[in-house]
Amino acid sequence: MVLDNAPSWQKQLSMEFEMPYMKTLKQFLRAEKDLQKVIYPHSSNWFHALDTTPLDEVKVVILGQDPYHQHGQAHGLCFSVLPGVKIPPSLKNMYKELQTDMGIAPASHGYLEGWAKQGVLLLNAVLTVEDSNANSHQGKGWEQFTDKVIAIVNERCEHVVFMLWGSYAQKKGAVIDSERHLVLKAPHPSPLSAHRGFFGCHHFSRANNYLQQHGKTTINWQLSDIG
């Protein structure tokens with residue numbers, strides 16, 4: 001459990017890996033593997049969000065809760081699935097809002113790597129899950145680690161847009177300094193709640209307007225086709 005591919009984060013988070021809660025989390029994950037349990041995403045992708053979006057390049061943070069728990073879906077970026085995997089319902093609704101908000105046609109895939117490489121930190125609160133067992137790794141320590149990630153962005157970055165969708169994300173993001181950053185709140189894009197205010201929230205265009213106002217390059221939300 002290391003951040004070898006994320007040097008900008010490693011500098012800020014190295015002490016976190018020595019904390020008692022993280023040692024307990026490591027023991028839990030090792031025990032699960034010893035029991036032959038299948039864990040998603042693959043261990044090489046547990047920190048993929050940090051690997052792909054360096055700390056000094058973070059412009060937008062989208063907070064998720066739990067990785068997808070079916071085979072071949074999760075790869076360490078919240079809401080994103082690997083190429084060739086069916087687009088999940090919440091992401092379909094994100095695409096619908098993008099089309100209404102900015103006229104961007106829905107992508108044919110659910111692979112959000114293109115956003116992450118532009119400075120969109122796609123961070124789940126919990127970074128692992130057992131196969132076919134949603135929320136199975138909640139309360140094991142990941143939440144404390146990702147709270148620290150959020151705190152680092154809050155303290156060390158300027159003018160970041162935080163998209164907090166649903167009560168879980170909003171509670172987790174309560175520490176964010178709204179004087180220093182833009183905090184956007186809406187219901188979760190899941191089919192259960194998207195019609196309660198996620199549709200029509202205009203978060204994607206509002207994020208770009210804010211970035212532009214503060215002299216930052218905007219996010220190109222149009223995802224490229226993938227072969």
Side-chain angles (χ1 to χ4, degrees), residues 40-41 48-49 52-53 58-70 72-83 85-127 129 134-135 138 142-143 146 149-150 153 160-174 176 178 181-211 218-224 226:
Y40 301 132
H48 190 52
T52 314
T53 311
V58 175
K59 298 177 186 174
V60 176
V61 178
I62 298 178
L63 282 183
Q65 188 168 348
D66 205 44
Y68 297 121
H69 56 268
Q70 298 299 330
Q73 291 182 308
H75 66 109
L77 304 181
C78 73
F79 293 106
S80 180
V81 289
L82 286 165
V85 176
K86 184 180 176 184
I87 301 171
S90 292
L91 183 53
K92 279 188 179 178
N93 286 339
M94 289 162 61
Y95 287 171
K96 284 181 186 176
E97 174 58 22
L98 253 179
Q99 187 164 25
T100 305
D101 185 16
M102 300 186 70
I104 293 173
S108 60
H109 59 85
Y111 188 56
L112 304 183
E113 197 91 4
W115 292 357
K117 287 180 176 177
Q118 293 181 72
V120 182
L121 180 62
L122 296 165
L123 183 69
N124 274 316
V126 177
L127 301 187
V129 69
N135 305 322
Q138 284 194 1
W142 280 127
E143 293 92 340
T146 52
V149 171
I150 292 166
V153 175
V160 171
V161 181
F162 288 84
M163 296 183 181
L164 307 180
W165 300 332
S167 57
Y168 184 92
Q170 287 162 23
K171 185 177 179 184
K172 191 170 181 71
I176 299 159
S178 57
H181 307 288
L182 178 63
V183 180
L184 300 175
K185 298 179 182 179
H188 196 276
S190 83
L192 297 173
S193 55
H195 290 280
R196 297 180 196 151
F198 177 78
F199 291 137
C201 70
H202 300 288
H203 280 189
F204 300 103
S205 61
R206 289 171 67 186
N208 275 356
N209 290 340
Y210 179 82
L211 293 172
T218 56
I219 305 298
N220 178 7
W221 297 105
Q222 177 77 66
L223 291 160
S224 302
I226 51 177

Task: Contact check, side chains of F79 and L122, non-hydrogen atoms, under 4.5 Å - done: no
- [ ] May I ask you to test the I219-N208 pair for a side-chain heavy-atom distance under 4.5 Å?
- [x] yes
TODO: Identify, with sequence neighbours excluded, every residue that meets side chain to side chain contact (heavy atoms under 4.5 Å, CB included) alongside Q73.
DONE: Y68, Q70, V81, V85
TODO: State the CG-OH distance between L182 and Y210, to the nearest 0.5 angstrom.
DONE: 5.5 Å
Task: Partners meeting side chain to side chain donor-acceptor pair (under 3.5 Å) with Q138 (sequence neighbours left out) - done: N135
TODO: Could I get the full list of side chain to side chain donor-acceptor pair (under 3.5 Å) partners for K172, not counting sequence neighbours?
DONE: T146, D147
Task: Contacts of type side chain to side chain contact (heavy atoms under 4.5 Å, CB included), residue K86, not counting sequence neighbours - done: none
Task: Partners meeting ring pair (Phe, Tyr, Trp, His ring centres under 6.0 Å) with W115 (sequence neighbours left out) - done: W221
Task: Audit row: V61, V153, side-chain contact (heavy atoms from CB on, under 4.5 Å) steps and yes/no - done: CA-CA 9 Å; V61 178; V153 175; 4.2 Å; yes
- [ ] Over all heavy atoms of both residues, which pair between A134 and V129 is shortest? Give the atoms and the distance, please.
- [x] CA-CG2, 4.2 Å
TODO: Would you mind reporting whether V160 and I176 have side-chain heavy atoms less than 4.5 Å apart?
DONE: no
TODO: Only counting residues at least two apart or in another chain, list the ones meeting side chain to side chain donor-acceptor pair (under 3.5 Å) with Y95.
DONE: none
TODO: Kindly indicate whether the side chain of T52, heavy atoms from C-beta on, has any atom under 4.5 Å from the side chain of K117.
DONE: yes
Name the atoms and distances for all side-chain donor-acceptor pairs under 3.5 Å in residues 192-199, with sequence neighbours left out.
from, atom 1, to, atom 2, distance (Å)
S193, OG, H188, O, 2.7
S193, OG, S190, OG, 3.4
R196, NH2, L192, O, 3.2

Task: Rounded distance (nearest 0.5 Å) linking atom CE of M94 with atom CE of M163 - done: 8.5 Å
Task: Contact check, side chains of I150 and L63, non-hydrogen atoms, under 4.5 Å - done: yes
Task: Validation row: R206, L184 side chains within 4.5 angstrom (heavy atoms) - done: yes
Open item on the list: Given 3.5 Å as the limit, does a donor-acceptor pair link the side chain of Q170 with the main chain of K185, or not?
Closed with: no
Task: Beyond-backbone contact of H202 with E97, side-chain heavy atoms, under 4.5 angstrom - done: yes
Open item on the list: Once rounded to the nearest 0.5 Å, what's the spacing between atom CG of L82 and atom CD of E113?
Closed with: 9.0 Å
Task: Heavy-atom side-chain contact between L77 and V120 under 4.5 Å - done: no
Open item on the list: Which heavy atom of H203 sits nearest to which heavy atom of D101, and what is that distance?
Closed with: N-OD2, 3.9 Å
TODO: Could you pull out all residues at least two apart from S80 that satisfy side chain to side chain donor-acceptor pair (under 3.5 Å)?
DONE: H75
Task: Results of ring pair (Phe, Tyr, Trp, His ring centres under 6.0 Å) for F162 - residues two or more places apart only - done: H181
Open item on the list: Run the side chain to side chain contact (heavy atoms under 4.5 Å, CB included) test against N209 and tell me which residues pass, sequence neighbours left out.
Closed with: Q213
Can I get a per-line list of side-chain donor-acceptor pairs under 3.5 Å for residues 102-110, giving both atom names and the distance, sequence neighbours left out?
from, atom 1, to, atom 2, distance (Å)
H109, ND1, Y111, N, 3.1
H109, NE2, S224, O, 2.7

- [ ] Can you sort out the partners of P191 under side chain to side chain contact (heavy atoms under 4.5 Å, CB included), two or more places apart, ordered by chain and number?
- [x] P89, S90, N93
TODO: Indicate the atoms forming the closest heavy-atom contact of P41 with A74, along with that distance.
DONE: CB-O, 3.5 Å
Task: Closest non-hydrogen atom pair between A49 and L121, with its separation - done: O-CD1, 3.5 Å
TODO: Let me see the working for W165 and I62 under side-chain contact (heavy atoms from CB on, under 4.5 Å), right down to the final yes or no.
DONE: CA-CA 8 Å; W165 300 332; I62 298 178; 3.8 Å; yes
